[in-house]
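The structure under discussion appears below in the form of structure tokens.
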There are 2 protein chains.
Amino acid sequence: MGMQRPADQNSETVDRMIKAAEELFAEYGHENVSLRQLTSHAGVNVAAVNYHFGSKELLVEAVFQTLVQRVCDQRELALEKLERGDTLTLEEVVRSFVDPYLGNGNEKQGALLARFLMRNRLYPTDGTRRVVSEYLDPMAKKYIAAFAQVCPKLSKEQLVWRYLFMTNTLAASSAGDNLSRRLESLSPDTGKAELQDRREAMIEFLISAFR
Amino acid sequence: MGMQRPADQNSETVDRMIKAAEELFAEYGHENVSLRQLTSHAGVNVAAVNYHFGSKELLVEAVFQTLVQRVCDQRELALEKLERGDTLTLEEVVRSFVDPYLGNGNEKQGALLARFLMRNRLYPTDGTRRVVSEYLDPMAKKYIAAFAQVCPKLSKEQLVWRYLFMTNTLAASSAGDNLSRRLESLSPDTGKAELQDRREAMIEFLISAFR
DNA sequence: AACACGTTCAAATGATAGTTTGAAACTGTA
DNA sequence: TACAGTTTCAAACTATCATTTGAACGTGTT
């Protein structure tokens with residue numbers, strides 16, 4: 001009776017809901033997706049969300065956490081690999097940071113996570129704050145240490161600021177395709193912007209910013 | 001009967017609603033403010049919004065437009081003043097761009113506009129797109145021309161990219177006070193971040209990014 | 001006074017949202 | 001087969017929202 005399900009592990013239904021949530025949230029944003037849309041797209045009953053997750057918000061946070069965890073793992077792995085080599089360069093560090101967002105095959109997860117992070121900046125909740133401090137902050141410290149190696153001239157304080165500005169730039173510039181349309185209207189001769197162009201421009205921008 | 005009011009000019013009620021909207025939207029975001037909250041905070045009747053603006057969305061866009069217009073005017077004025085002098089420096093251009101957001105006395109309008117712009121990046125509407133292309137794009141072109149003067153080494157395409165990244169960095173880093181809290185947790189010894197610190201760090205970051 | 005017009009008001013309307021319910025269906029166990 | 005626990009389902013519930021309505025109010029004009 002009314003037994004609370006704190007964290008369901010594996011279930012066909014749960015997987016389908018998370019998959020549907022990622023797809024729909026990426027396209028419309030989670031506040032514009034009703035549970036009825038979500039569950040009918042997933043092929044499950046409306047009540048399934050509350051049964052398996054407890055509430056819509058907890059489902060949203062589960063998706064957010066999954067995504068953040070994935071990106072943090074990618075980054076930390078890449079960073080460790082770089083640090084096993086003997087010479088660390090600024091470009092390598094920046095690329096490893098940007099790649100999970102704008103790298104090949106990562107476009108969708110990057111855009112979705114960017115939306116979440118922007119959303120979290122505007123309207124944070126206890127749950128999203130928890131995810132940030134649990135996953136993002138530890139990764140941030142490792143990256144700041146790496147930047148300290150390749151930018152020895154910058155003070156600790158400067159490094160932290162620039163790191164934060166970098167994350168904001170990356171997230172804001174990866175969310176949605178507004179940027180491409182804006183580019184076209186500001187520079188019609190440049191033509192349409194491919195995702196690769198954006199990534200390379202972003203990397204150049206960030207490398208400059210850390211010098 | 002049912003006469004549509006395309007653009008009300010001056011009215012005690014209209015002014016009170018816009019003022020209340022700016023205050024409440026800045027604090028909670030416009031999707032978290034109901035018309036009942038807004039109108040009771042403004043001291044007017046619920047129906048006044050639809051009577052004077054046509055819908056909630058049109059009120060939101062009116063506030064957005066007012067704000068964008070104000071910031072664009074400030075920037076264009078500052079830029080013209082700079083260009084009347086004989087030597088234009090990168091730092092001056094950047095400062096004139098950042099100032100309407102993080103300058104003294106502009107904190108509230110900066111934070112509010114930043115929220116709107118972030119919101120617009122996530123969920124644009126026809127109305128917000130119109131404001132962007134009508135006010136922001138012309139100003140952007142003037143600024144890109146100014147950056148071209150002080151950064152002669154950068155190609156037109158590079159200038160446009162960096163300009164866009166700059167606006168994203170500024171908006172994302174001005175929305176809300178998350179950044180300060182994040183800084184504290186990443187660099188406890190730095191202590192609390194004043195707004196001035198943020199502005200100076202931001203300016204250094206952007207100057208670097210354009211070199 | 002009588003009228004017309006713009007404005008304000010309390011109340012109703014209609015739609016949509018997340019959530020809850022209780023019975024049915026399904027699962028594996030004895 | 002009978003039973004217990006879990007999961008699914010259609011339907012109802014509760015709340016909130018933007019919007020509309022039609023009467024009341026105020027004001028200036030004739």
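On a predicted model such as this, the values are computed, not experimentally measured, just so you know. Numbered from 1 within each chain, the chains take letters A, B, ... in sequence-line order.
Protein atom CD of E12(B) is 13 Å distant from nucleotide atom P of dT7(C), rounded to whole Å. Atom CG in L38(B) sits roughly 14 Å away from atom C1' in dC17(D) (whole-Å rounding).
Comparing the end axes of the helix from dA1(C)-dT30(D) to dA30(C)-dT1(D), each fitted to five base pairs by superposing C1' atoms of four pairs onto the next four, gives an inter-axis angle of 10° (nearest 10 degrees).
The ring-ring contact (aromatic ring centres under 6.0 Å, His included) search around F165(A) returns W161(A), F205(B), not counting sequence neighbours.
Contact check on R129(A) versus D126(A) returns a salt bridge, with a Lys/Arg side-chain nitrogen under 4.0 Å from an Asp/Glu carboxylate oxygen. Under the 4.0 Å criterion applied to side-chain N and carboxylate O atoms, R199(A) and E194(A) are not assigned as salt-bridge partners.
Using a 30° and 60° split on the angle between ring planes, F147(B) and F210(B) fall in the parallel class, below 30°. Taking the six-membered ring for Trp and thresholds of 30 and 60 degrees, H30(B) and F116(B) have nearly parallel ring planes, at less than 30 degrees apart.
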The contact string for nucleotides 15-26 of chain C, one letter per nucleotide 5' to 3', using protein heavy atoms under 4.0 Å with B, S and - for base, sugar-phosphate only and none, comes out as --BBBBB-----
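Using modelled atom types, one finds no donor on one side chain facing an acceptor on the other under 3.5 Å when comparing S173(B) with Y101(B).
T13(A) has a side-chain polar atom (N or O) that falls below the 4.0 Å cut-off from OP1 or OP2 of dT8(D). Regarding contacts with the backbone of dT8(D), a side-chain N or O of H52(A) is found under 4.0 angstrom from either OP1 or OP2.
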Check step by step if side-chain hydrogen bond (donor to acceptor under 3.5 Å, both in side chains) holds for T167(B) and R182(A). CA-CA 12 Å; T167(B) 63; R182(A) 196 87 196 287; 4.9 Å; no
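Annotation for Y28(A): atom OH does not count as buried by contact number, only 12 or fewer foreign heavy atoms lying within 6.0 Å.
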